[in-house]
**Q** 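Quick one: the structure is below, questions incoming.
Please read these numbers as outputs of a predicted model, since none were measured by experiment.
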Amino acid sequence: MAANSQGIQTLLEAEKEAAKVVQKARQYRVQKLKDARSEAAKEIEAYRAQKEEEFKKFEKDHTSQTSSSQSSIDSSTTTQLSDLDKAVEKNKGDVIKKIVDRVLQSEPKLHQNLKKLEA
């Protein structure tokens with residue numbers, strides 16, 4: 001019986017040792033996953049910072065072009081609007097006269113589809 005008890009005791013100790021090994025392996029795996037996540041987060045943040053810097057540089061380079069283009073467009077628009085205002089002032093009288101003449105020039109006549117009814 002003692003040998004049997006000794007064998008059972010050895011098996012229980014081996015099982016406990018195996019459980020400890022499995023627990024250490026799980027802890028090691030969990031720690032590796034945490035380390036990998038933190039490393040990935042650092043790489044993502046570095047990449048994000050790099051791209052943000054590139055975008056700011058691009059934006060800075062193109063903002064000056066945009067503002068100069070905008071100012072030239074604004075001056076062109078102002079010039080065109082003043083030319084249109086001058087043309088309106090120059091031709092206002094003639095246009096009003098033509099409109100009034102056209103309204104007053106009325107020749108009443110029957111519509112072409114209307115037929116004369118004979119009684």
**Q** Lys16: what forms a side chain to side chain donor-acceptor pair (under 3.5 Å) with it, not counting sequence neighbours?
**A** none
**Q** Restricting to salt bridge (charged side-chain N to carboxylate O under 4.0 Å, His left out), what partner residues turn up for Glu54, sequence neighbours left out?
**A** Lys51
**Q** How long is the straight-line distance from OG1 of Thr78 back to CD1 of Ile73, given to the nearest 0.5 Å?
**A** 11.5 Å
**Q** Show me the donor-acceptor pairs within less than 3.5 Å that the side chains of residues 92-114 make with the rest of the protein, sequence neighbours left out.
**A**
from	atom 1	to	atom 2	distance (Å)
Lys97	NZ	Asp101	OD2	3.1
His111	ND1	Asn113	N	3.1

**Q** Go through the structure and list residues passing side chain to side chain donor-acceptor pair (under 3.5 Å) with Gln23, not counting sequence neighbours.
**A** none
**Q** Between CD of Glu59 and CD of Glu52, what distance do you get to the nearest 0.5 Å?
**A** 8.5 Å
**Q** Residues in side chain to side chain donor-acceptor pair (under 3.5 Å) with Arg37, at least two apart?
**A** none
**Q** Please list, chain by chain and in numerical order, all residues satisfying side chain to side chain donor-acceptor pair (under 3.5 Å) with Gln70, sequence neighbours excluded.
**A** Asp74
**Q** Applying salt bridge (charged side-chain N to carboxylate O under 4.0 Å, His left out), name anything that partners Glu15, two or more places apart in sequence or on another chain.
**A** none
**Q** Could you pull out all residues at least two apart from Asp61 that satisfy salt bridge (charged side-chain N to carboxylate O under 4.0 Å, His left out)?
**A** Lys57
**Q** Side-chain contact, heavy-atom cut-off 4.5 Å: Glu45 with Arg48?
**A** yes
**Q** Applying side chain to side chain contact (heavy atoms under 4.5 Å, CB included), can you list everything that pairs with Ser76, at least two apart in sequence or on another chain?
**A** Gln80
**Q** Scan residues 30-61 for pairs that pass ring-ring contact (aromatic ring centres under 6.0 Å, His included), counting only residues two or more places apart or in two chains.
**A** Phe58-His62
**Q** Roughly how far, to the nearest 0.5 Å, is the NZ atom of Lys32 from the CZ atom of Arg29?
**A** 13.5 Å
**Q** Taking atom CD of Glu17 and atom CD of Glu13, what is their separation to the nearest 0.5 Å?
**A** 9.5 Å
